[in-house]
Number of protein chains: 2
Amino acid sequence: MVGAFAVLGEANRLRILEHLRGSECSVGELVDRLGMSQPAVSKHLRVLREAGFVSSRIAAQQRIYRIEPEPFAEMEHWLAQYRRLWDRHLDALERHLDNQE
Amino acid sequence: MVGAFAVLGEANRLRILEHLRGSECSVGELVDRLGMSQPAVSKHLRVLREAGFVSSRIAAQQRIYRIEPEPFAEMEHWLAQYRRLWDRHLDALERHLDNQE
DNA sequence: TCTTAACATGCCTGTCTGGTTATATGCCTG
DNA sequence: CAGGCATATAACCAGACAGGCATGTTAAGA
């Protein structure tokens with residue numbers, strides 16, 4: 001579990017996931033959209049892949065990456081242990097977040 | 001959001017939260033139960049406190065720490081953006097299992 | 001006031017890690 | 001099969017960070 005959090009505890013990896021959340025992407029598309037170097041993107045993708053957050057398939061010269069749901073489900077499960085601590089505050093928080101946007 | 005994940009991406013901090021999940025604790029109790037040095041515990045508690053995961057109150061010479069729910073609620077909120085990904089996954093799995101039968 | 005208890009903080013060090021540059025690998029086209 | 005893409009990997013560097021030790025701070029008690 002700590003490994004999953006460590007993987008997400010990095011801003012550029014989170015940005016990669018945000019992009020993949022919309023649709024699967026090739027490495028080059030991520031490089032263009034995130035404005036970071038190709039080796040940096042590849043290294044982050046490797047970390048994400050080894051943690052199970054993404055998977056890749058080969059299409060000609062490209063590697064297409066997409067999100068895998070399991071680690072998210074595991075995080076949800078872990079959070080459930082703490083849910084009783086906050087669900088009495090959840091309504092207030094959501095009102096707050098809704099007011100933000 | 002990335003800050004919260006980075007805070008949880010450390011094994012000993014996660015262990016501290018596991019202990020505080022049961023009941024609030026003084027620093028000394030955490031030192032005894034986790035078998036780590038007092039400065040190390042205090043440093044982790046500072047990180048957790050500045051990220052909002054815990055708060056402390058003073059009782060005589062002791063500082064009693066307890067979990068605060070808001071960061072957990074924010075993580076839940078963040079995860080909800082990805083929930084549909086594994087909802088679809090579970091739906092697909094169920095259809096798969098149904099077809100097996 | 002002096003001492004002790006319970007924590008917090010500063011400093012130092014070794015380790016880990018994210019980024020860059022350079023290079024290797026695999027695929028496709030001519 | 002030569003050459004160009006798309007991506008992965010290797011080697012290196014600089015900054016971040018966890019842990020240990022020593023010390024500062026505050027409160028309680030004699």
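The structure presented is a predicted model; accordingly, all values stated were derived computationally and were not measured. In what follows, every heavy atom counts, from backbone to side chain, and hydrogens, waters and symmetry copies are set aside.
The CG atom of L48(A) sits 12 Å away from the P atom of dA8(D) (whole-angstrom rounding). dC5(D) atom C1' lies 9 Å from atom CD of Q62(A), rounded to whole Å. When the P atom of dA8(C) is taken as reference, atom CG of L30(B) falls 10 Å away, rounded to whole Å. Rounding to whole angstrom units, CD1 of residue I58(A) and P of dT7(D) are separated by 11 Å. In this structure, the CD atom of E50(A) is 12 Å from the C1' atom of dT9(D), given to the nearest Å. In this structure, E29(A) places its CD atom 18 Å from P of dC5(D), rounding to the nearest Å.
Using cut-offs of 30° and 60° on the angle between ring planes, the pair F5(A) and F5(B) is parallel.
An OP1 or OP2 oxygen of dA8(C) is reached within less than 4.0 angstrom by a side-chain nitrogen or oxygen of Y65(B).
A continuous path of ILVMFWY side-chain contacts below 4.5 Å connects L14(B) to L20(B), so both sit in one hydrophobic cluster. In the hydrophobic cluster analysis, where Ile, Leu, Val, Met, Phe, Trp and Tyr join through side-chain heavy atoms closer than 4.5 angstrom, V47(A) is grouped together with V54(A). Taken together through direct or relayed side-chain contacts under 4.5 Å among Ile, Leu, Val, Met, Phe, Trp and Tyr, V31(A) and L34(A) form part of one hydrophobic cluster.
Counting only residues at least two apart or on different chains, the ring-ring contact (aromatic ring centres under 6.0 Å, His included) pairs with a member in residues 50-70 of chain B are F53(B)-F72(B).
Pairing for dT3(C) goes to dA28(D), judged as Watson-Crick or G-U wobble with the two contacts each under 3.5 Å.
Within residues 5-27 of chain A, the residues that place at least one heavy atom under 4.0 Å from DNA chain C are, in residue-number order, E10(A), N12(A), R13(A). Listed in residue order, the members of residues 36-46 of chain B having a heavy atom less than 4.0 Å from DNA chain C are Q38(B), P39(B), S42(B), K43(B), R46(B).
Side-chain contact between L8(A) and L8(B) is absent, with no heavy atoms from C-beta onward closer than 4.5 Å.
Salt bridge absent: R15(A) and E18(A) never bring a charged side-chain N and a carboxylate O closer than 4.0 Å.
Remark: side-chain polar atoms of E29(A) are paired, donor with acceptor, to backbone N or O of S26(A) under 3.5 angstrom. Of the possible polar contacts, none joining the R66(B) side chain to the E24(B) backbone as a donor-acceptor pair under 3.5 Å is found.
Remark on DNA chain C: of its neighbouring residues G28(B) and Q61(A), the 5'-side contact belongs to G28(B), judged by nearest-heavy-atom nucleotide.
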